[in-house]
Amino acid sequence: MIDNARRDNPASGLPVRWRPVAAARPRMSPRWWRWVASTDSLTARLIAAGGKRQFSVRLLRQGTGYPFADEARALGMAPGRLAWRREVALCLDGVPWVVARSVAPLTALRGQRLYALGERSLGSWLFAQPGLVRRPLEVTRAPPRFFAAPSLWGRRSVFRHRRLALLVQEYFLPAMAEALALPPT
Ligand SMILES: C=C(O[C@@H]1C=C(C(=O)O)C=C[C@H]1O)C(=O)O
């Protein structure tokens with residue numbers, strides 16, 4: 001499991017510590033709290049916050065592979081099981097503000113046409129699904145393992161829709177903090 005993840009990305013050997021979002025609240029400014037703890041569509045929030053800037057989804061990588069060990073655990077996947085992985089940058093005027101990595105067990109994907117999303121936002125599909133359930137958010141200060149940039153906050157949660165379980169991890173980048181004049185934490 002961990003060996004497979006390492007083959008994908010040498011940095012994955014560093015275990016990522018995820019904590020319930022409420023546990024991080026004392027160290028988080030109210031402005032960041034509104035971004036990190038929100039449970040509605042981040043895509044919609046970014047479009048609103050971006051004002052006149054043009055929103056776009058840049059597809060970094062998509063396909064089948066092994067999840068990181070902490071991702072497999074969050075999804076309740078047995079070691080060695082393959083997953084569908086999608087990595088994107090959510091950009092405003094072409095500048096990445098957030099990078100996201102979504103992971104789903106392959107077995108749960110049947111019939112869901114997620115491959116066809118391309119550079120449309122997963123969020124706009126996901127939040128249109130009736131009966132969507134979102135598990136509690138967790139946060140980390142560790143940088144993303146799939147994109148070479150620091151992040152201010154990272155968060156993750158599992159969405160459930162019928163048989164689909166999808167772990168969405170989103171990292172807020174310094175460019176976003178700078179553009180919106182957000183504090184360092
Ligand atoms: C889950 C959402 O979807 C966003 C869009 C993503 C994509 O297109 O791959 C990935 C993660 C999210 O940041 C959302 O808008 O909240």
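Index from 1, following the sequence. In each ligand, atom 1 is the first atom listed, and ligand 1 is the first ligand listed.
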Could you tell me whether the side chain of R120 and the main chain of A116 form a donor-acceptor pair under 3.5 Å? yes
Checking R134 against S157: is there a side-chain donor and acceptor pair closer than 3.5 Å? yes
Whether V98 lies under 4.0 Å from ligand 1, heavy atom: no
Can you tell me how the ring of F159 sits relative to the ring of F127, calling it parallel under 30°, perpendicular over 60° and tilted otherwise? perpendicular
For the CD atom on E119, are there more than 12 heavy atoms of other groups (residues, nucleotides or ligands in this structure) within a distance under 6.0 Å? yes
To the nearest 0.1 Å, how far is atom 9 (O) of ligand 1 from its closest protein heavy atom, and which atom is that? R86 NE, 2.7 Å
Residue, atom and distance of the protein heavy atom nearest atom 5 (C) of ligand 1 read S121 OG, 3.4 Å
Of all the atoms in ligand 1, which lie at a distance below 4.0 Å from a heavy atom belonging to A100? 10 (C), 11 (C), 13 (O)
Provide, to 0.1 Å, the distance between atom 4 (C) of ligand 1 and the closest protein heavy atom, together with that atom's residue and name. T43 OG1, 3.5 Å
Write out the residue and atom name of the closest protein heavy atom to atom 16 (O) of ligand 1, then the distance separating them to 0.1 Å. L42 N, 2.8 Å
For atom 13 (O) of ligand 1, what is the closest protein heavy atom, and at what distance to 0.1 Å? E170 OE2, 2.6 Å
Under 4.0 Å to a heavy atom of L90 - the qualifying atoms of ligand 1, by number: 13 (O)
Cationic tip of R141 within the cone over W153's six-membered ring, i.e. under 6.0 Å and within 45° of the normal? yes
Give the intermediate values and the outcome of side-chain hydrogen bond (donor to acceptor under 3.5 Å, both in side chains) for residues S102 and R86. CA-CA 5 Å; S102 302; R86 170 179 161 93; 5.7 Å; no
Has ligand 1 got any nitrogen or oxygen that is less than 3.5 angstrom from a nitrogen or oxygen of R155? no
Atom 2 (C) of ligand 1 has as its nearest protein heavy atom G123 CA, 3.3 Å
Within 6.0 angstrom of R17 CZ, more than 12 heavy atoms from elsewhere: no
Do E71 and R101 meet the salt-bridge criterion of a basic N to acidic O distance under 4.0 Å? yes
How far is atom 7 (C) of ligand 1 from its nearest protein heavy atom, and which residue and atom is that? L122 CB, 3.2 Å
At a 4.0 Å threshold, what atoms of ligand 1 neighbour a non-hydrogen atom of V168? 11 (C)
